[in-house]
Amino acid sequence: MTTIAEGTKERKRVISKKPELLAPAGNLEKLKVAVHYGADAVFIGGREFGLRSNADNFSLEEMREGVEFANKYGAKVYVTTNIFAHNENMDGLEEYLEGLQEVGVTGIIVADPLIIETCKRVAPKIEVHLSTQQSLSNWLAVKFWKEEGLHRVVLAREVGLEEMLEMKKNVDIEIEAFVHGAMCISYSGRCVLSNHMTARDSNRGGCCQSCRWEYDLYETNDNGEKALYDEGDAQYTMSPKDLNLIQAIPKMIEAGIDSLKVEGRMKSIHYIATVTSVYRKVIDAYCADPDNFQIDKAWLDELEKCANRDFAPQFFEGAPTFEDQMYGKNAKRTNYDFAGLVLDYNEESSMVTLQQRNHFKSGDEIEFFGPEISNFVQKVGTIWDEDGNEIDAARHPLQIVRFKVDKPVFPQNMMRKEVR
């Protein structure tokens, strides 16, 4: 929409319908962090029918608490039920879906047609979103799922901008697309390498991430094996670089993409807080003044603080090349540890109460960040433990400590430390 700037005749374009920022949440703590740091919605996994069996995942009672928390902030909760189900996976499906509806989740993310039809029958209040596991990559398929009664489709990671535009032009349905996180070496998760190498089913939640392993290459013939590498060579890997579309957010907003999805339910709360807060800032800044928007380098630097892999735009503006793969060794990256979570702050004493998450000591240079503050760096002075004893370092996991800070901080703000 267009608005009139107050006191002038200049017309200022403002985008009033912002896309949803959808963040991952592998457990209840991560859900609360994601919402606090700006997510409009979170996607979580239950203890059945989902694809991240190694995540903590949610019981129905934990889901209820998560939904109640999210609702206080106007956020939504979606539950992944996106396995490709075998016969033995179907027991208890109806009861599970009825339970999801009863605790108040907004929608499920699903790939299997039987789970789709069962949800529509036994839990009709729940929105049904098609999972990326269905590898949706053309507008006629989008039209098919629209006619099947789905509320939203999650696109294959291999879909580019021009294809997204064609989908929005031809079909009136919500579209969700990945903007950040790990990429699968296979086509939108249709991989059986894990099944072959470890008997863990990738499409039923057991992926061992075989493509992340390091390999030596050999040629085999009747005479045996011949090494195709020299000693000391970087080991071959099939792993793609991580997706990062932070600079493409304006194009996605203009294309009308309804939900921008961050991958990573098994990532740390530091990762979730950092990535969510950066994408929140970019979305808000562009929608407030799209014609004068510019990417702030500080946003790009911030994303680097929680990255341990190289980034690439992957399929967004064309097919990726070998340069978008992780051949050889990673580029050297600045590495930060999540060092502490703010529990309380005393204005009179300028004292922070902090829960330790990684070792730090007096004299360390640390950085605070959070949605209520601008990032600031300082050195740690004298540290006291929970009983008021002076200590030289916070070395115990989850230890409660106190020290003076240079600027006010707020509960749920985080402290990080560069690892040199």
Side-chain angles (χ1 to χ4, degrees), residues 23-39 42 54-58 62 65-66 69 262 264-278 301-309 333-420:
N27 58 33
L28 197 53
E29 181 186 36
K30 294 175 184 178
L31 181 152
K32 293 178 179 180
V33 166
V35 172
H36 183 77
Y37 278 76
V42 295
N54 292 328
D56 292 344
N57 293 326
F58 286 70
E62 288 171 330
E65 182 178 345
F69 179 87
V262 175
R265 279 191 287 137
M266 295 178 68
K267 296 283 192 177
S268 69
I269 65 170
H270 175 244
Y271 171 91
I272 292 169
T274 303
V275 176
T276 301
S277 64
V278 171
D301 293 342
E302 187 77 358
L303 285 179
E304 294 282 351
K305 293 175 182 178
C306 66
N308 54 15
R309 297 160 59 82
R333 312 192 70 85
T334 302
N335 186 28
Y336 284 79
D337 278 343
F338 171 36
L341 181 69
V342 173
L343 303 180
D344 194 21
Y345 170 73
N346 186 299
E347 290 186 14
E348 292 184 4
S349 64
S350 299
M351 196 79 69
V352 64
T353 301
L354 191 88
Q355 184 185 67
Q356 185 259 38
R357 293 300 181 99
N358 261 301
H359 178 279
F360 67 92
K361 64 184 184 301
S362 295
D364 280 349
E365 185 174 87
I366 49 86
E367 179 182 35
F368 282 97
F369 73 100
E372 303 90 351
I373 63 173
S374 297
N375 292 25
F376 69 92
V377 175
Q378 70 165 74
K379 286 191 175 181
V380 178
T382 304
I383 306 173
W384 292 270
D385 67 15
E386 200 170 8
D387 298 321
N389 301 309
E390 186 175 324
I391 56 177
D392 65 336
R395 53 174 52 89
H396 304 299
L398 305 182
Q399 184 178 12
I400 307 300
V401 298
R402 297 165 62 242
F403 61 90
K404 285 193 173 184
V405 288
D406 294 346
K407 298 180 181 179
V409 291
F410 296 82
Q412 298 299 312
N413 287 174
M414 295 187 186
M415 186 183 88
R416 58 165 75 106
K417 181 183 75 168
E418 185 174 351
V419 180
R420 301 180 187 276

Glu348 to Asn346 - nearest heavy-atom pair and separation = N-OD1, 2.9 Å
Between atom OH of Tyr336 and atom NZ of Lys417, what is the distance when rounded to the nearest 0.5 Å?
-> 12.5 Å
Only residue of Val401, Asp392, Leu354 satisfying side chain to side chain contact (heavy atoms under 4.5 Å, CB included) with Ile383 is Val401
Which donor-acceptor pairs under 3.5 Å do side chains of residues 362-373 form with protein atoms, sequence neighbours excluded?
from: Ser362; atom 1: OG; to: Gly381; atom 2: O; distance (Å): 2.8
from: Asp364; atom 1: OD1; to: Lys361; atom 2: NZ; distance (Å): 2.9
from: Asp364; atom 1: OD2; to: Lys361; atom 2: N; distance (Å): 2.9
from: Glu367; atom 1: OE1; to: Lys305; atom 2: NZ; distance (Å): 3.1
from: Glu367; atom 1: OE1; to: Arg416; atom 2: NH1; distance (Å): 2.9
from: Glu367; atom 1: OE2; to: Lys305; atom 2: NZ; distance (Å): 3.0
from: Glu367; atom 1: OE2; to: Asn375; atom 2: ND2; distance (Å): 3.2
from: Glu372; atom 1: OE1; to: Asn413; atom 2: ND2; distance (Å): 2.7
from: Glu372; atom 1: OE2; to: His36; atom 2: NE2; distance (Å): 3.0

If you look at every heavy atom in Arg402 and Thr353, which pair is closest and at what distance?
-> CG-OG1, 3.7 Å
Quick one: salt bridge (Lys or Arg N to Asp or Glu O under 4.0 Å) partners of Arg357, sequence neighbours excluded?
-> Glu29
Approximate separation, where rounding is to 0.5 Å, of Met414 CE and Cys306 SG | 11.0 Å
So which heavy atom on Tyr345 is nearest to which on Val405, and how close?
-> CE1-CG2, 3.6 Å
Just how far is it from atom CD of Gln378 to atom CG of Asp406, taken to the nearest 0.5 Å?
-> 4.0 Å
Between Met351 and Phe403, the two heavy atoms sitting closest are SD-C, 3.3 Å
Side-chain heavy-atom pair Glu65, Lys32 within 4.5 angstrom cut-off | yes
Report yes if some heavy atom in the side chain of Phe338 is under 4.5 Å from a heavy atom in the side chain of Ile269; otherwise report no.
-> yes
Can you see which heavy atom on Ala34 is nearest to which on Val42, and at what distance?
-> CB-CG1, 3.7 Å
Using atom types as modelled and distance alone, determine if a side-chain donor or acceptor of Thr276 lies under 3.5 Å from a backbone N or O of Ala273.
-> no
State the CG-CE distance between Asn27 and Met266, to the nearest 0.5 angstrom.
-> 11.0 Å
Under 3.5 Å donor-acceptor, Asp387 side chain and Asn389 backbone | no
Given the rule in the side-chain contact (heavy atoms from CB on, under 4.5 Å) test, do Phe410 and Val342 qualify, once you have shown the distances and angles that lead to the verdict?
-> CA-CA 7 Å; Phe410 296 82; Val342 173; 5.9 Å; no
Starting at CD1 of Ile272, measure out to NE2 of His270 and round the result to the nearest 0.5 Å.
-> 11.5 Å
Compare all side-chain heavy atoms of Gln399 with those of Ile391 and state whether any distance is below 4.5 angstrom.
-> yes
With sequence neighbours excluded, what pairs up with Asp344 under the salt bridge (Lys or Arg N to Asp or Glu O under 4.0 Å) test?
-> none
For the pair Asp337 (side chain) and Ala339 (backbone), establish whether a donor and an acceptor sit closer than 3.5 Å, ignoring hydrogens and angles.
-> no
